[in-house]
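As the structure lists them, so they are numbered: ligands from 1, and atoms in each ligand from 1. Throughout, numbering of the chain's residues begins at 1 and tracks the sequence.
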Amino acid sequence: MKEIPFNHPFLVGTELGYVRQAAEEGGLESGGPFTARCETWLADTTGAKRALLSHSGTGGLEAAMVLADLGPGDEVIMPSFAYPTMATAVVRQGATPVFVDVDPRTLNLDPTEVKKAVGPQTKAIVAVHYGGVGCEMDELLAIAAPTGLTVIEDAAHCLLATYRDRPLGTLGDLGTFSFHHTKNVSSGEGGALLVNNPALLERAEVVWEKGTDRKRFERGEVDRYTWVDIGSSFAASELTAAFLWGQLEAAEEITGRRREIWNRYHEAFAELEAEGLAQRPVVPDGHTHNGHLYYLVLPTPSARDAFIAAMRAKGIATSFHYVPLHSSPAGRRFGRSVGDLAETERLSSRLVRLPLWTGLDSDSVARVIDAADAALNDVASSRA
Ligand SMILES: *Cc1c(COP(=O)(O)O)cnc(C)c1O
């Protein structure tokens, strides 16, 4: 029986031609024509004031933390149920991550917990939109507004997903995408920073250009370029941009295909949820997801482990995440938590992700559904 991997890269077919074109045209450093195409597409498609293409989603987050002007003594509120790099990006600035719990329905920041964590040291909030389903942004923005907290969206999962008709990544001051191998649209490694707050535009260019005013020099606004601020080499190579351009051109199609798979899983597991065997993702009214990932939350940690083993026995790879940041070695060393984070602990030990990738064919989806159905029923009857 053919194995069904958890993830498998998808090639549109145009990527290598664009890479060849970039190489033949020369100038493979950042800022070439493919970079411009990708950045224009991202800004036009999302409505961001400016999109800057990065070597990684992590790079985008690190630049965001520089632009938020974080330093020692500052605190940044974020979910514990998340990928580590936004916390690392905060710690690199000498600031402190403050971990709070998530809403068990969406696995996104719980605004009530955020409110409890806001104090005089709070400088920013990082909203991670889990699985391409948006956080309650109106509530988070309302918490941030009175004291002018910077709101950063970790929209790594979110290309083409929306919240109340507004694209994710454009609701906060800054937003970041990832084009990592596992994301919907990919260049192996890659990412972008969306700048939405116009007050940050000028500094963003400088931070991006290693702390120099090179962009102004290129526009002929200054007669030489020099070191003016802190920054780093956040940009993507033109090779990465060329590959990514092939994927971005097909982004709608890729997203449509993933949504189809997501919807099939979701319909198929409705009955299991009604029987109490697993909890399905919740997409609140007014949100449009992008089929980034599909997960189930099982009743107990041992049920989750038995499920993963049963799926593996049928040649189907599943996966789980995240190890809560508040209890991770670096999280304990560099951060602190507010609240008991009970939902984060519960979800982290019970969540399982099913294979979902753009080239996953219909028969394989049916096989995953049948195997999951059987495994969940077996797990339930062994507990009875
Ligand atoms: C993938 C991911 C990142 C990191 O992106 P890279 O491109 O791998 O650096 C950050 N946050 C979340 C939620 C992610 O899923």
Quick one, Glu62 and Arg92 - any side-chain contact, counting heavy atoms below 4.5 Å? yes
Closest to atom 13 (C) of ligand 1 (heavy atoms only, candidates Thr182, Asp154, Val126, Leu293) is Asp154
Does Arg304 make a cation-pi contact with Phe320 (under 6.0 Å, within 45 degrees of the axis)? yes
Atom 12 (C) of ligand 1: which protein heavy atom is closest, and how many Å away? Ala156 CB, 3.4 Å
With atoms numbered from 1 as shown, which atoms in ligand 1 lie under 4.0 angstrom from a non-hydrogen atom of His180? 7 (O), 8 (O)
Considering only the protein, which heavy-atom contact is closest to atom 3 (C) of ligand 1, and what is its distance? Tyr83 CD2, 3.6 Å
Answer with yes or no whether Gly190 contacts ligand 1, where contact means a heavy atom under 4.0 Å from a ligand atom. yes
Please classify the His157 to ligand 1 contact at 4.0 Å (heavy-atom distances, strictly less than): side chain, backbone, both or neither. side chain
Where do Leu70 and Ala95 come nearest, in terms of heavy atoms and distance? CB-CB, 4.0 Å
Over 60° means perpendicular and under 30° means parallel, so classify the ring planes of Tyr294 and Trp262, tilted if in between. perpendicular
Would you sort out whether Ser302 and Asp305 count as a side chain to side chain donor-acceptor pair (under 3.5 Å), showing the intermediate values? CA-CA 5 Å; Ser302 59; Asp305 296 346; over 6 Å; no
Does one side chain, of Glu238 or Thr35, offer a donor that lies under 3.5 Å from an acceptor on the other? yes
No-hydrogen, no-angle side-chain donor-acceptor test under 3.5 Å, His326 and Glu345: yes
Is there a heavy atom in Lys183 that sits closer than 4.0 Å to ligand 1? yes
Report, in ascending order of atom number, the atoms of ligand 1 lying under 4.0 Å from any heavy atom of Thr85. 4 (C), 10 (C)
To which protein heavy atom is atom 5 (O) of ligand 1 closest, and what is the distance rounded to 0.1 Å? Ser178 OG, 3.3 Å
For Gly57, counting its heavy atoms only, list the atoms of ligand 1 lying under 4.0 Å from any of them. 5 (O), 6 (P), 7 (O), 9 (O)
Are Tyr130 and Tyr295 near enough that their ring centres are under 6.0 Å apart? yes
Please list the nearest protein heavy atom to atom 9 (O) of ligand 1 with its residue and the distance rounded to 0.1 Å. Thr58 OG1, 2.5 Å
